[in-house]
Amino acid sequence: MNKEEILSEIEKNPVIMAIKDNRDLTACLEKDIKVVFVLYGSINNISHIVGKLKDSGKYVIVHEDLIEGLKAGRQASEFIAKFTEADGIITTRVKDASKAKQMGLFTVLRFFMLDSLSFESVKTSLKSADADLIEILPGIMPKIIENLSRRTAIPIVAGGLIRDKDDVISALNANAFAISSSNQNVWNM
């Protein structure tokens, strides 16, 4: 595994396939996209899942937090490095990403952005983060709001990370009924 090769591949095609079950695995094998995030499996089958992907020429990054039977910590990365052909790991823990990187694994540090408190926490964590990629979730909220608004008559309130006028307008243009924010500057708009 070469970090530059993976980053170059993502730059060529910024779509990363994230697979969550065997049906996704099968579909993934038919695609030309080269980078795959594996979001499922167990200690009994992760080697097989990774092997199938590697046999089809994919770069494989396993979300170690989601592998049944693995406990969070250094041993999870060691297990993946020793018993699979994975190129790297995804984790939600800064220390685990740093340790995995020291072992030579490509590392993705995943953050969930739920509200302004988590945003502040992520900003703090980034100061000590040592990863190859940072993944922020949710990625695109206006599309989600629009999608959900077509599925229900219940008014939708967009909340979390509403920081300025553009955020407010984007949410409202996506059919949000209202927005909620802990940012007092937004309150005064």
Side-chain angles (χ1 to χ4, degrees), residues 1-115 117-140 161:
M1 180 288 304
N2 181 326
K3 171 186 168 181
E4 287 74 30
E5 289 174 9
I6 294 173
L7 292 174
S8 174
E9 200 57 52
I10 294 170
E11 189 173 25
K12 285 184 222 171
N13 187 347
V15 174
I16 297 171
M17 293 182 289
I19 62 172
K20 61 189 176 328
D21 55 33
N22 286 334
R23 188 172 38 183
D24 288 350
L25 172 63
T26 301
C28 169
L29 295 172
E30 299 172 3
K31 303 290 183 194
D32 289 333
I33 298 169
K34 297 289 184 195
V35 181
V36 180
F37 287 176
V38 177
L39 308 178
Y40 80 108
S42 72
I43 59 172
N44 295 320
N45 66 6
I46 192 61
S47 181
H48 175 72
I49 293 166
V50 171
K52 285 183 106 170
L53 292 163
K54 293 300 289 179
D55 288 347
S56 69
K58 309 288 187 198
Y59 291 104
V60 182
I61 303 165
V62 175
H63 196 319
E64 68 179 26
D65 304 352
L66 300 179
I67 303 304
E68 291 180 47
L70 285 183
K71 183 176 177 179
R74 180 179 177 93
Q75 287 77 20
S77 296
E78 287 176 358
F79 178 89
I80 290 168
K82 186 174 182 180
F83 295 106
T84 78
E85 300 173 62
D87 299 290
I89 60 101
I90 303 167
T91 185
T92 56
R93 290 174 298 283
V94 173
K95 286 183 180 180
D96 290 355
S98 295
K99 289 177 182 177
K101 190 168 181 176
Q102 290 170 2
M103 287 187 272
L105 292 169
F106 187 87
T107 57
V108 179
L109 186 54
R110 178 181 260 195
F111 293 106
F112 292 94
M113 305 292 287
L114 303 174
D115 55 23
L117 292 175
S118 62
F119 180 66
E120 293 304 317
S121 176
V122 169
K123 287 190 334 188
T124 301
S125 294
L126 288 177
K127 292 175 185 172
S128 62
D130 185 20
D132 296 305
L133 289 176
I134 301 291
E135 184 181 18
I136 304 295
L137 288 90
I140 304 172
L161 302 175

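Hydrogens, waters and symmetry mates are skipped; everything else that's a heavy atom, side chains included, is used. Along the sequence shown, residues are numbered consecutively beginning with 1.
- At least one side-chain heavy atom of V38 sits less than 4.5 Å from a side-chain heavy atom of V60.
- The minimum heavy-atom distance linking Y40 with I67 is given by the pair O-CD1, 3.3 Å.
- Taking OH of Y59 as the start and CD of E9 as the end, the distance is 6.0 Å to the nearest 0.5 Å.
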Problem set entry | Audit row: L53, I19, side chain to side chain contact (heavy atoms under 4.5 Å, CB included) steps and yes/no | CA-CA 11 Å; L53 292 163; I19 62 172; 4.0 Å; yes
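- Scored by the side chain to side chain donor-acceptor pair (under 3.5 Å) test, K54 finds D87 as partners (sequence neighbours excluded).
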For this session: Go through the steps to decide whether L29 and D55 satisfy the test side chain to side chain contact (heavy atoms under 4.5 Å, CB included), and finish with yes or no.
Result: CA-CA 9 Å; L29 295 172; D55 288 347; over 6 Å; no
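- Checking side-chain atoms of S47 against main-chain N and O of F83 turns up a donor-acceptor pair under 3.5 Å.
- Atoms OG and CG, from S77 and L70 in turn, are 9.0 Å apart once rounded to the nearest 0.5 Å.
- In this structure, K58 NZ and D32 CG are separated by 6.5 Å, a value rounded to the nearest 0.5 Å.
- Counting all heavy atoms, side chain and backbone alike, T107 lies closest to K101 at CG2-N, 3.4 Å.
- Across all non-hydrogen atoms, the minimal contact from V62 to A86 is CG2-CB, 3.8 Å.
- For the atom pair NZ (K82) and CE (M103), the distance works out to 12.0 Å, reported to the nearest 0.5 Å.
- Rounding to the nearest 0.5 Å gives a distance of 11.0 Å between CG of D24 and CD1 of I49.
- What you find for K52 and L25 is that their closest heavy atoms are CD-CD2, 4.0 Å.
- Considering CD1 of I61 and CG of L105, their distance stands at 10.0 Å, rounded to 0.5 Å.
- R93 is listed as a side-chain neighbour of E64, based on a closest heavy-atom distance under 4.5 Å.
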